[in-house]
Each structure stands twice: as structure tokens, then as C-alpha cells.
Protein chains: 2
Amino acid sequence: METQVKISSELERNCARLNCSEGVAGIRDALYVLNGKWKLPLIFTLSGGPMRFKDIQRSIGDITPKVLSKELKELELNEFIVRNIYSTTPVTVTYQLTPYSQSLDKVLLELKDWGTKHRQRIVASRKSKL
Amino acid sequence: METQVKISSELERNCARLNCSEGVAGIRDALYVLNGKWKLPLIFTLSGGPMRFKDIQRSIGDITPKVLSKELKELELNEFIVRNIYSTTPVTVTYQLTPYSQSLDKVLLELKDWGTKHRQRIVASRKSKL
DNA sequence: GATACCGGTATCCTTTAGGATAGTAGTATC
DNA sequence: GATACTACTATCCTAAAGGATACCGGTATC
């Protein structure tokens, strides 16, 4: 007895329509700049508005300052965020999304939705095993 | 002179609406299973239909058999793909997306679109610098 | 004067990802 | 009998990711 496995029809059509290898290239290009554990979570976090270094760290929870610093620099290089320095005393630094990072809105939204549902699925399947 | 940077309004509303920290958790859950350089490209590649090991390798181009084997196992564990063995001579093995992996359609589509546009942007900005 | 907060750096370390290369058992093909 | 294909595995290695811990200069606060 073999389970019949259907194939994603939307993607299949899409793939036939616009050359699949091109599609893979797009995905790989995206992953190239968005790689790692932190970039997308950071962009998502900053979508609530500009934040200061320590606030970002607290908001994410378990990122060390070294890693956060490195990630922020890379995001700045790729023009996803801007670093603002205010000459208050003491100096205030905020990180803010650029307009370009808005182009990631849909990706973030879909990923967040999927991740949320995936978690529910995992939790449910874990319960059903008890 | 300071550039005024606007903040993603869609995400901002969304964030206010459904609790941002939850959103980050969703994204981090998603990345937890979809991490690395190969998982999403592999799922995307398989969306064209079941494929054999060597065919996948050829299609992706620069993945070594060791890495491919490891990635496929992880995708199988997470129920994104199924491994089919046919007792032909010689044995034929195909890898096929499960129905669950369809839930990633939108994520893949958005990511592909974004990546494609991002590449165009990079190419354009490189040209303008010459 | 001691302590605490901010925005990070510096140093060290472990783990993982991922690549290079070679090889294997089985079959088929010339 | 040599070669080639399939579906991998084994071994070795490097580079990068990421974490732990400590620290720094400056300021403010108690």
C-alpha cells in the first residue's frame, strides 16, 4: 500500500512557465544575503520601528553582542538597515529599516505564517504520540 | 542632511496586531527546519516532480553527493519529501515532495521573486558604478 | 567612590556546514 | 574483461557560524 503523493500544482505550473533553473537561482540569490540564524529575525524585529542596540538584544533574547554587532553590519552593507547616531549624552544609536527592506515584507509574512503553523503541527504530532 | 527612512507599514500594522515577539518566534521556527544553503533550493527543484539522486545533483549543479545525501535525509525526517525505491534492475530511487511541502509554496514563490529582483538590483547598481 | 547602563570590541572556543576526493556494491554494456 | 552508470558512503579537511566570557570608555546615578 503506497501513499499517493501529489505535487504542488501551483509551483509546477510556475516552474514550467518560467524555467525552473532560473527559479532555483532566484532562491539561491535570496538565501545568499539572508543566510544564517539571525538576519530575517532581525529585520522582522526592526519592522516595529527603529531600535537601539541593547533593545534589539533584549528583544531577540539570546543573541550575544558580538554576533549582533556582526549581523547588523552585514545588514547595513546590504542596505537593509541604517545606523543612526544621535549626539545625546550618552550617545544614542538606533538601527532602522531602509525602504528597500520593505521589499521583504511578503517573504517575512509568509515565512512567519508558515513557521507558526509548522510549530503547531509539531506540537500536535508530539501530543498525539503520548 | 538626513535621509528620512520610512518603516514598513504593512508589517508594522501586522506587528502591532498580532504581537511581534510571537512573529519572531514563527520566523525562527521556520528557519530552524529550513536552515542552510540547500533545503529550500532542493524543495523548489523537486517541485517539478519526483527526481532521482543523480538527476537532482545534476540539476542543482554544485552539490556534492555527501551533502545531498545528508540534506535529503533531513528533508525526509521533517516530512518534506518521501524516498521511493523501485526494484528495477538496477534499483531506481526517487525523491518526491509530500503534500505537506506544498504548504511552503507561498514562501518559495515569494523568496524566488524577491531573489530575482534582488539580483537585478545588484547587477544594475554594479553597472551604474562603472 | 561604587555601581550600573550604553554600545559595542577582543579573545577564545566549539560546532556545524559544506566541500574535495576517493571508493563501494551491484548491474549493464561493449 | 574493461568500462560505465547508479546511489550512495567514508574520510578528511577548511571555513564560517555562533556562543561564552571578559572587557572598554564614557556617562550617569546613588
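Numbered from 1 within each chain, the chains take letters A, B, ... in sequence-line order. Here the structure is a predicted model, which is why all the values come from computation and not from measurement.
Protein atom CD of A:Gln57 is 12 Å distant from nucleotide atom C1' of C:dC5, rounded to whole Å. Between A:Ile60 atom CD1 and D:dG19 atom P the separation is 11 Å, expressed in whole Å. Following rounding to the nearest Å, A:Leu68 (CG) and C:dC6 (P) show an atom-to-atom distance of 14 Å. The distance from atom CG of B:Leu31 to atom P of D:dG18 is 10 Å, rounded to the nearest whole Å. Distance, A:Ile81 CD1 to C:dG7 P: 14 Å, rounded to whole Å.
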Could you run through nucleotides 13-23 of chain C and give me one letter per nucleotide, 5' to 3': B if any protein heavy atom sits under 4.0 Å from the base, S if only the sugar-phosphate is that close, - if neither? ----SBBB---
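Aromatic ring pairs are classed by plane angle as parallel below 30°, tilted from 30° to 60° and perpendicular above 60°; the pair B:Trp114 and A:Tyr100 is tilted. Ring-plane geometry between A:Phe80 and B:His118 is classed as parallel, the angle between the planes falling under 30 degrees on a 0 to 90 degree scale with a further cut at 60.
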With a 3.5 Å cut-off and sequence neighbours excluded, list the donor-acceptor pairs that the side chains of residues 65-75 of chain B form with protein atoms.
| unit_1 | atom_1 | unit_2 | atom_2 | d |
| --- | --- | --- | --- | --- |
| B:Glu71 | OE1 | B:Lys39 | NZ | 3.1 |
| B:Glu74 | OE1 | B:Lys39 | NZ | 2.8 |

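Between B:Met51 and B:Leu46, some side-chain heavy-atom pair lies under the 4.5 Å cut-off.
In the hydrophobic cluster analysis, where Ile, Leu, Val, Met, Phe, Trp and Tyr join through side-chain heavy atoms closer than 4.5 angstrom, A:Val123 is grouped apart from B:Leu31. Residues B:Ile122 and A:Leu77 fall into different hydrophobic clusters, defined by Ile, Leu, Val, Met, Phe, Trp and Tyr side chains chained together at heavy-atom separations under 4.5 Å.
Paired runs in DNA chain D that reach 3 or more consecutive Watson-Crick or G-U pairs, where each pair keeps both distances under 3.5 Å, cover C:1-30 with D:1-30.
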Please tabulate, one pair per line, each protein N/O and nucleotide N/O from nucleotides 4-7 of chain D that are separated by under 3.5 Å, including the distance.
| unit_1 | atom_1 | unit_2 | atom_2 | d |
| --- | --- | --- | --- | --- |
| D:dT6 | O3' | B:Arg52 | NH2 | 3.2 |
| D:dA7 | OP1 | B:Arg52 | NE | 3.1 |
| D:dA7 | OP1 | B:Arg52 | NH2 | 3.1 |
| D:dA7 | OP1 | B:Val93 | N | 3.2 |

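In this structure, B:Ser59 contributes its side chain and B:Asp55 its backbone to no donor-acceptor pair below 3.5 Å. Of the possible donor and acceptor atoms, none in the side chain of A:Thr92 sits under 3.5 Å from a partner among the backbone N and O of A:Tyr86.
Shown here are the ring pair (Phe, Tyr, Trp, His ring centres under 6.0 Å) partners of A:Tyr32, two or more places apart in sequence or in another chain: there are none.
Identified under the salt bridge (charged side-chain N to carboxylate O under 4.0 Å, His left out) test for residues 85-104 of chain A, with sequence neighbours left out: none.
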